[in-house]
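Note sheet for the following structure.
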Amino acid sequence: MSPAEPTVEMHPQRWGDPAAAAELPESARGLVELAFGLQDRPAVTGAVPPASALDEALLDALRETLGAEHVLTDDATRTLRTRGKSTPDLLRARAGDLADAPDAVVRPMGHAEVVAVLAWASEHRVAVVPFGGGTCVTGGLAARREGFAGLVSLDLVRMKRLLAVDEVSMTATLEPGLRGPEAEALLAEHGLVLGHYPQSYLHASIGGFAATRSSGQSSAGYGRFDAMVVGLTAATPTGSLDLGSSPANAAGPDLRQLLLGSEGAFGVITSVTVRVRRLPEVTTYEGWRWPSFDAGSDAMRTLAQAGVLPTVIRLSDESETAINLADPSSIGGAEDPGCLMITGYEGTVSQVSARQAAVTAVLSDLGGTALGTEPGEKWVHGRFGAPYLRDSLLDHGVLVETLETATFWSNRERLYAEVKAALQSTLGEGTLVLCHVSHVYETGCSLYFTVAARQAEDPIAQWQVAKAAASDAMIAAGATITHHHAVGTDHTPWFAQEIGDVGVRILRAVKAELDPAGILNPGVLIP
Ligand SMILES: Cc1cc2nc3c(=O)[nH]c(=O)nc-3n(C[C@H](O)[C@H](O)[C@H](O)COP(=O)(O)OP(=O)(O)OC[C@H]3O[C@@H](n4cnc5c(N)ncnc54)[C@H](O)[C@@H]3O)c2cc1C
C-alpha cells in the first residue's frame, strides 16, 4: 500500500474495509446460538445526517484558504466522519442515529492550513474535531456542539508524507494522517520499521496514536507509541509548538507529554518525529501453555523484571483460551485448556536467537509448556481480523465490547477479580467475560477484557450500566481507567477521580491558555 493511493474508508456502520465484512462463520453459529440464542438485528439503511448547521458564507471563507474540494458538506462524507468504532458507536450507527455528524468535513494540507482552520473556527466559534483514522473507542470523536455555531471534522487524511529520515540518529518525521501500514510502507523503503501494531493498525493514524498514547501488540519490544516519540509539532488556537530538539533533556517539564495523550483538546498534532529501528531480519511467534492465569502472569513478571522480554508477549486467561481456540484440546485437553501465552521475537538473526533462548530458559524453568510456532503463527495471521467478528455477532443480537486497565503486579489479582465480577454481575448469567494480559512492564501490566452477552432491548443502556460498574471497580481497586484506549468523553468522570481536583484544574488551565474559545474537541478529555 502506498500513501499515494486513497485511504480505504471504513464501513460507516461496521469495522474496517467494507469489502472484508463477513457473515458469522457457519462453524460459530451453533455455539453462538447455544450461548446467546440467535436474534436478527439488521442495521437500518439509508439514514442521512441532519442538515448542516453551518452557514455557506462562513464555509466560503474556509474554501478560499483550503480549496472548495476540501470543505465538504455532503451527507456521505459527513456520515463517514461520525463518531468512532466502539460498540455503542456501532450500535448508534446501525440504528441510523447520525445526530453527532459534523456540519462539514475540512481537509487541510500541512501545518499552515491547520493553523488557518483553527483561526477561522476560533473567530466564528465553530467546534473542531481532529479526525485521524476514526478508530477511537472512547467517544473522543463525539464532541459537544451545544454553544457553538457548528462543528467541523478536521480530517488529516491529506497529510500523509514522510517528512524526514535521519538514519544516523534513527528517527523519522511523519505526518499525522498516515495510517499504520502507510507509515510502515514509507519507512520500509529506507529499510526501517516503527513497530507499532495496535489491533486497529490497518486503519488508525500516526496522529491518532500520538493523541491517544496508543499501545501496540509489540509494545514489549518496541515500546508504547508515546515512548517512540522524540519530537512533535502542533497547531493550537494561540500558536504553534515545535518540541523535541534533543534525545533527552532537563529543560523543565517535558511539554511533549502535554500534547501526547491530549486527544485533540489542546491542539492538532501536525507531525511527529519517532524513533525507528532496522527492519527485522527474522520474525517468529510461538505459544506456551500455563496451568493457570496466575502462573502465566507470574512468569511474565519474572521476564519483565529480569529484562528479557520478547517483542510480543500476551497471556489469555482460562476463559479466553477456551473460547479463542477452535479446538481447546490442542493445548491441554478440553476439560482443562490452561492458559495460552503468545511470545514473538523480531530483530536480527542473532538478537532473536539470543533473546528466544533466554526467554525459553526462564519460561521452561517456571513450568511453562512450549507449544511450538503453530499457535503463534495462527495468532499473528488472525490478529487484525477479530473486529470483523464483533460486527457479525452484533448482527445476531450478541453484545460484544472490550475495555482495558492497568495496575502494579501486586494488585493484578484483585483488579482482575473485581472488574470481572462487576461485568458478570451487571450483564447477568450466561455472559462471557474474557481477559488477557496485553502489555507488561517491570512494575505491572495491563488487563484487557472482552465481554459477550445476549443483547437486551436497549443494548447501549445495557452496556453503559456494565461499563460504569467496571470503571468504578477499576478506580476502587486503585488502577487506571485506561491503559491505552484514552479518555474521550466516555471516561471523563473516572479520569477526574484518577487525577484528582488539582490534576483537573491543571488540565483546565492548559486548555484555557491554548484554546481560549474552547473550540477544540469540546467535552473530550477535560473533565
Ligand atoms: C478494533 C479496535 C482495536 C483497537 N486496538 C487498539 C490497540 O491495540 N491499542 C490501542 O492503543 N488502541 C486500540 N484501539 C483504539 C484506537 O485505535 C486508538 O486509540 C488509536 O490510537 C486511534 O487512532 P486514530 O487515528 O483512529 O484516531 P481517531 O479515532 O481519529 O482519534 C482519536 C482521538 O484523537 C484525536 N486526534 C486524532 N488525530 C489527532 C491529531 N493529529 N492531533 C490531535 N488530536 C488528534 C481525535 O480528535 C480523537 O479524540 C482500537 C480500536 C478499535 C476499534
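Side chains are part of it too, since the values below use all heavy atoms of this structure and drop only hydrogens, waters and symmetry mates. Whatever order the structure lists them in is the order used to number ligands and atoms, beginning at 1.
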For ligand 1, which is the ligand I care about here, please tell me if Gly133 has any N or O atom under 3.5 Å from one of the ligand's N or O atoms. yes

Can you find a heavy atom in the side chain of Thr482 that is under 4.5 Å from one in the side chain of Glu404? yes

Problem set entry | Nitrogen or oxygen of Ser205 less than 3.5 angstrom from that of ligand 1 | yes

Distance-only donor-acceptor check, side chains Thr270 and His111, under 3.5 Å: yes

### Query
For ligand 1, is Gly267 a contact, meaning one of its heavy atoms is under 4.0 Å away?
yes

Per-atom filter on ligand 1: closer than 4.0 angstrom to a heavy atom of Phe209 are 21 (O)

NZ/NE/NH1/NH2 to OD/OE distance under 4.0 Å, Glu401 and Lys467
no

**Asked** Are Asp100 and Arg145 close enough for a salt bridge, meaning some N to O gap below 4.0 Å?
**Response** no

Ligand 1 to Lys85, heavy atom cutoff 4.0 Å, flagged ligand atoms 53 (C)

heavy-atom search around atom 48 (C) of ligand 1 in the protein gives Gly140 O, 3.5 Å

Tyr197 side chain near Phe384 side chain, heavy-atom distance below 4.5 Å
yes

ask   = Any salt bridge between Arg94 and Asp395, counting N to O under 4.0 Å?
value = yes

Closest to atom 32 (C) of ligand 1 among protein heavy atoms sits Thr212 CG2, 3.7 Å

Atom 42 (N) of ligand 1: closest protein heavy atom, distance to 0.1 Å, is Ile269 N, 2.9 Å

Below 4.0 angstrom, N of the basic side chain to O of the carboxylate: do Glu9 and Arg81 qualify?
yes

Check this for me: does any side-chain nitrogen of one of Lys85 and Asp89 sit under 4.0 Å from a carboxylate oxygen of the other?
no

The answer for which part of Asn521 has a heavy atom under 4.0 Å from ligand 1 is side chain

* Do Gln199 and Arg383 have side-chain N/O donor and acceptor atoms under 3.5 Å apart? -> no

The closest protein heavy-atom partner of atom 16 (C) of ligand 1 is Thr135 OG1, 3.2 Å

- Query: Measuring from the heavy atoms of Gly84, does anything fall under 4.0 Å of ligand 1?
  - Reply: no

Numbered in order shown, the ligand 1 atoms found under 4.0 Å of a heavy atom of Cys136 are 29 (O), 32 (C)

Open item on the list: In the structure I gave you, are the side-chain heavy atoms of Ile519 and Val126 within less than 4.5 Å of one another anywhere?
Closed with: no

So for Ala211 against ligand 1, with non-hydrogen atoms under 4.0 Å, the contacting part is side chain

Checking heavy atoms under 4.0 Å, the part of Leu525 that sits near ligand 1 is neither

Within 4.0 Å of some non-hydrogen atom of Pro387, the atoms of ligand 1 are 1 (C)

- Going by atom types alone, do Ser446 and Ser438 pair a side-chain donor with an acceptor below 3.5 Å? yes

closest protein heavy atom to atom 8 (O) of ligand 1 is Gln199 N, 2.9 Å

On the 0 to 90° scale, with breaks at 30° and 60°, tag the Phe293-Tyr416 ring pair as parallel, tilted or perpendicular. tilted

query = So, are Asp97 and Arg83 salt-bridged, with charged N and O less than 4.0 Å apart?
reply = yes

- Query: Do Lys160 and Glu175 meet the salt-bridge criterion of a basic N to acidic O distance under 4.0 Å?
  - Reply: no

Within 4.0 Å of some non-hydrogen atom of Gly264, the atoms of ligand 1 are 43 (C), 44 (N)

Check this for me - ligand 1, Gly134, N or O atoms closer than 3.5 angstrom, yes or no? yes

Atom 47 (O) of ligand 1 sits nearest the protein heavy atom Pro130 O, 2.6 Å

Atom 13 (C) of ligand 1 has as its nearest protein heavy atom Ser200 OG, 3.7 Å

One finds that the ligand 1 atoms under 4.0 Å from a non-hydrogen atom of Gly132 are 25 (O), 30 (O), 37 (C), 38 (N)

Atom 9 (N) of ligand 1 has as its nearest protein heavy atom Ser215 O, 2.8 Å

Under 4.0 Å from one or more heavy atoms of Pro176, ligand 1 contributes atoms 41 (N)

Here the atoms of ligand 1 under 4.0 Å from any heavy atom belonging to Trp15 are 53 (C)

